Amino acid sequence: MIGRRGFLAGAAVCAVMNLTGCAFQPQTAETVENRPDLILRYAENQPEDYPTTQAALDFARRVAEKTDGRVKIVVYSGGELGAEQSVIQQVQFGGIDFARVSLSQLAEYVPSLSVLQLPFLYQDAAQMWRVLDGTIGDDFLAQLDQMDLRGLSWFDAGVRSFYTCKKVENLAQLQGLTLRVQESDMMSEMVTELGAKPVQVVYSQVYAALHNAEIDGAENNWPSYEAMSHYEAAPYFLQDEHTRVPEIQLASTAVMKKLSQLGPSYPGIIRSCARESALTERSLWAARETKAEEDLRAKGIEVTTLSAEEKQKFRAAVQPLYDSFAEQQELIGQIQNS
């Protein structure tokens with residue numbers, strides 16, 4: 001039997017729960033039916049308005065639609081689930097289900113991927129997509145299987161160039177400068193061959209390093225240059241367009257197994273949605289890249305475009321990198337002739 005004091009205490013708790021909207025509600029058939037069978041996590045290190053994040057949200061929406069709501073993907077943007085190297089490891093262990101990461105990070109684990117980072121590998125973006133959307137691109141995605149990862153699709157990350165605190169117009173003026181690069185051995189080697197000093201600085205700390213004169217410059221694409229306000233400390237843009245390093249949508253092996261158990265068609269749905277969202281990302285990226293360049297030029301950023309003769313000097317300087325890929329010369333030829 002419940003005493004008066006217990007009855008009053010229980011009544012008080014129920015009253016509070018009703019007032020706060022937390023009262024127990026009977027579970028109807030409709031609420032059970034609308035509940036996803038799987039709620040999955042997607043890691044993204046860019047802000048919510050960035051093209052890659054918007055494409056991740058597009059991917060999540062498509063998956064929800066094509067699985068009739070049985071699979072829900074929650075996108076965590078802004079690096080909420082950790083830096084890229086940590087995210088890759090978590091995807092390997094199944095702690096994170098999906099992610100978008102740079103090829104340069106994955107190449108640290110699968111060195112054969114590094115060939116796609118060779119400087120001046122492509123003439124333009126159209127050539128890169130002919131390669132990545134074909135059998136060569138599919139073969140590279142398949143190589144991620146050895147890392148217990150599933151490569152789903154390629155995202156655009158634009159073309160990368162240098163920007164500096166003091167004006168640089170040619171290769172000679174690049175000599176001896178300290179330049180930030182991604183956490184990538186290939187990028188460090190490239191900068192060394194160009195005669196500068198590479199420093200691997202965490203992306204979020206680059207602005208401070210530029211502002212405090214700890215580095216003389218960095219390299220990245222137009223949208224990142226604008227989004228992180230690096231142009232405020234490094235207002236000189238050397239448009240050498242040295243690399244086009246794509247990014248990859250990943251899935252964990254564990255989640256693909258879960259999806260196949262939920263429905264045999266579900267892994268295929270994930271792959272098709274990933275490829276569709278990649279096309280969305282490329283469209284968003286192209287618009288963002290054009291606007292970022294226009295906006296920064298309007299703000300007075302000084303842009304130096306290399307002449308064909310000067311660009312050839314850059315190409316010649318990085319030839320030792322190509323020589324180190326002697327075993328993949330046939331593949332490099334196929335890429336360059338695509």
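Predicted model, so just to flag it, every value in this text is computed and none were measured. This chain uses plain numbering: 1 for the first residue, then up along the sequence.
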**Request:** Quickly, which of N221, L132, V159 forms a side chain to side chain contact (heavy atoms under 4.5 Å, CB included) with R244? Name it, please.
**Result:** V159
**Item:** Criterion side chain to side chain contact (heavy atoms under 4.5 Å, CB included) against Q239, the qualifying member of Y163, F162, W222
**Value:** W222
Counting N and O atoms only, with roles assigned by atom type, does the side chain of [X] sit under 3.5 Å from a partner on the main chain of [Y], one being a donor and the other an acceptor?
X    : Y    : value
D216 : L179 : no
Q249 : V101 : no
Q127 : Q336 : yes
S188 : P198 : no
S283 : T280 : no
S161 : E241 : yes
S338 : V131 : no
R180 : I215 : no
Q92  : M147 : yes
E44  : G78  : no

**Message:** So that I can tick it off, tell me whether D58 and R282 are bridged by a salt bridge, with the cut-off set at under 4.0 angstrom between side-chain N and carboxylate O.
**Reply:** no
**Asked** Going by an N to O cut-off under 4.0 Å, is there a salt bridge joining E310 and K313?
**Response** yes
**Request:** For L321 and M190, work out which heavy atoms get closest and say how close.
**Result:** CD1-CA, 3.7 Å
**Asked** Considering all heavy atoms of both residues, which atom of S153 and which atom of A274 are nearest to each other, and what is their separation?
**Response** OG-O, 3.1 Å
**Message:** Around atom CD of Q146, are there more than 12 heavy atoms from other residues, nucleotides or ligands closer than 6.0 Å?
**Reply:** yes
**Message:** Is it the case that atom CD in Q329 sees more than 12 heavy atoms from other parts of the structure closer than 6.0 Å?
**Reply:** yes
With the side chain counted from C-beta on, respond yes when [X] and [Y] share a heavy-atom pair under 4.5 Å apart, and no when they do not.
X    : Y    : value
L259 : I269 : no
D49  : T53  : no
Q200 : V181 : yes
M187 : R160 : yes
M228 : Y207 : no
D156 : W129 : yes

**Item:** R271 vs L152, side-chain contact (heavy atoms from CB on, under 4.5 Å): CA-CA, chis, key distance, verdict
**Value:** CA-CA 6 Å; R271 292 189 177 91; L152 299 177; 4.1 Å; yes
Is a donor from one side chain sitting under 3.5 angstrom from an acceptor on the other, for [X] and [Y]?
X    : Y    : result
E247 : T52  : no
Y50  : S224 : yes
Q90  : S86  : yes

**Message:** I'd like to know whether the aromatic ring centres of W285 and F155 sit less than 6.0 Å apart in this structure.
**Reply:** no
**Message:** Students often mix this up, so state it plainly: with edges at 30° and 60°, are the rings of Y225 and F237 parallel, tilted or perpendicular?
**Reply:** tilted
